[in-house]
Asker: 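Here it is: the structure, laid out below.
Positions are given from 1 along the sequence. Atoms within a ligand are numbered from 1 in the order they appear, just like the ligands themselves.
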Amino acid sequence: MEKRQELYAGKAKSVFRTDDPDKMVLVFRDDTSAFDGKRIEQLNRKGMVNNKFNAFIMTKLQEAGIPTHFEACLSDTESLVQSLDMMPIECVVRNVAAGSLCRRLGVTEGQELNPPTFELFLKNDALGDPMINESHVESFGWAKADDLAKAKELTYKVNDVLKALFASGGMILVDYKLEFGLFKGEVVLGDEFSPDGCRLWDSETREKLDKDRFRQGLGNVVESYEEIGRRIGMEFPS
Ligand code: TMP
Ligand code: ASP
């Protein structure tokens, strides 16, 4: 497998073609973005930590029967993935109120959400990733109704698997964002799962361990990501 030209550079990852049209290489960079790219900083080691974190989580999800695009880590910061035809939408599940939900609805951070909410956002930085609903997805052709239904079902299944995994490390999975695409007609989890795209709090102290540390200037961002990993059984090179 040979890495070829860059296809796309996102805010925190770059995507490269390979000599196999069905496979791509994701490169996890140290760039850390918040507020739809309005704030970007380099955080030493973050690319390595997120690449390894994502590999660990994607493997757990695959073991639980959730199809993902992840194939293998190629280096500290690179992973081989299936090339998906991505849906331009973000699927967000929330177990506890935080972030934009609190701003939008005026609810208190920390309120438990039972059952968990499911929300859709359009991936569009220029528009600030606006919230959309299922009929928008269908009417604008962003995904077929049955593919969206499958993505929603898988997003909830991820919740069952990861809530339990993080609980075993003394953490609450507050919310998370997933992106899906199609591979030969099948709905497959794409993009990444890392502390950049979810909220995780310490179960006892409710300390924020995820990218809110960056958004809110709390410091020790990458150290905290490594702490999350260690609590669920990962090891990182020193
Ligand atoms: P929100 O509270 O800002 O709507 O975010 C909900 C969750 O989804 C939170 O864990 C962060 C994640 N998320 C992203 O990773 N990228 C995004 O563009 C958005 C809108 C949310
Ligand atoms: N991932 C988005 C961004 O970079 C939103 C966020 O995490 O705040 O800007």
Asker: For ligand 1, which atoms sit closer than 4.0 Å to a heavy atom of C198?
Answerer: 10 (O)
Asker: Using a strict cut-off of 4.0 Å, indicate which atoms of ligand 1 neighbour a heavy atom of D196.
Answerer: 15 (O)
Asker: Taking distance alone, with no angle check, do R215 and ligand 1 share an N/O pair under 3.5 Å?
Answerer: no
Asker: Do side-chain atoms of D202 reach the backbone of E207 as a donor and acceptor pair under 3.5 angstrom?
Answerer: no
Asker: Can you list, pair by pair, the side-chain donor-acceptor contacts under 3.5 Å of residues 81-89, counting residues two or more places apart and other chains?
Answerer:
none

Asker: For ligand 1, is D210 a contact, meaning one of its heavy atoms is under 4.0 Å away?
Answerer: no
Asker: Pick whichever of K211, K177, R199 has a heavy atom sitting closest to atom 6 (C) of ligand 1.
Answerer: R199
Asker: Please identify which atoms of ligand 1 are closer than 4.0 Å to at least one heavy atom of G99.
Answerer: 2 (O)
Asker: Taking distance alone, with N or O pairs closer than 3.5 Å, would you say S100 contacts ligand 1?
Answerer: yes
Asker: Please determine if R104 has a nitrogen or oxygen closer than 3.5 Å to a nitrogen or oxygen of ligand 1.
Answerer: no
Asker: Just wondering, more than 12 heavy atoms not from E235 lying within 6.0 Å of its CD?
Answerer: no
Asker: May I ask you to check whether D175 has an N/O atom sitting below 3.5 Å from an N/O atom of ligand 1?
Answerer: yes
Asker: Should we say atom NZ of K3 is surrounded by more than 12 heavy atoms from elsewhere, each under 6.0 Å from it?
Answerer: yes
Asker: Applying the side chain to side chain donor-acceptor pair (under 3.5 Å) criterion to K13, which one of D191, N54, N50, D31 satisfies it?
Answerer: D191
Asker: More than 12 foreign heavy atoms under 6.0 Å from NZ of K11: is that the case here?
Answerer: yes
Asker: Any sub-3.5 Å donor-acceptor pair from T205's side-chain atoms to S203's backbone N or O?
Answerer: no
Asker: Return the closest protein heavy atom for atom 18 (O) of ligand 1 as residue, atom name and distance.
Answerer: D129 OD2, 2.9 Å
Asker: Just heavy atoms, cut-off under 4.0 Å: does R94 contact ligand 1 by side chain, backbone, both, or neither?
Answerer: side chain
Asker: Strictly by modelled atom types, are T77 and N51 linked by a side-chain donor-acceptor pair under 3.5 Å?
Answerer: no
Asker: Going by an N to O cut-off under 4.0 Å, is there a salt bridge joining R231 and E227?
Answerer: yes
Asker: Please check: side-chain N/O of R199 versus main-chain N/O of V96, any donor-acceptor pairing under 3.5 Å?
Answerer: no
Asker: Does R215 come within less than 4.0 Å of D212, counting only side-chain N to carboxylate O?
Answerer: yes
Asker: So, is the end of the R39 side chain (NZ or CZ) under 6.0 Å from the ring centre of F214 and within 45° of the ring's axis?
Answerer: yes
Asker: Could you list the atoms of ligand 1 found under 4.0 angstrom from a heavy atom of E90?
Answerer: 17 (C), 18 (O), 19 (C), 20 (C)
Asker: Give me the pairs of N or O atoms, one from ligand 2 and one from the protein, that sit under 3.5 Å apart.
Answerer:
from     : atom 1 : to   : atom 2 : distance (Å)
ligand 2 : 4 (O)  : S33  : O      : 3.3
ligand 2 : 4 (O)  : S33  : OG     : 2.3
ligand 2 : 7 (O)  : K211 : NZ     : 2.8
ligand 2 : 7 (O)  : R215 : NE     : 3.4
ligand 2 : 7 (O)  : R215 : NH2    : 2.8
ligand 2 : 8 (O)  : F35  : N      : 3.2
ligand 2 : 8 (O)  : R215 : NE     : 3.0
ligand 2 : 9 (O)  : S33  : OG     : 3.0
ligand 2 : 9 (O)  : F35  : N      : 3.4
ligand 2 : 9 (O)  : D36  : N      : 2.5
ligand 2 : 9 (O)  : G37  : N      : 2.9

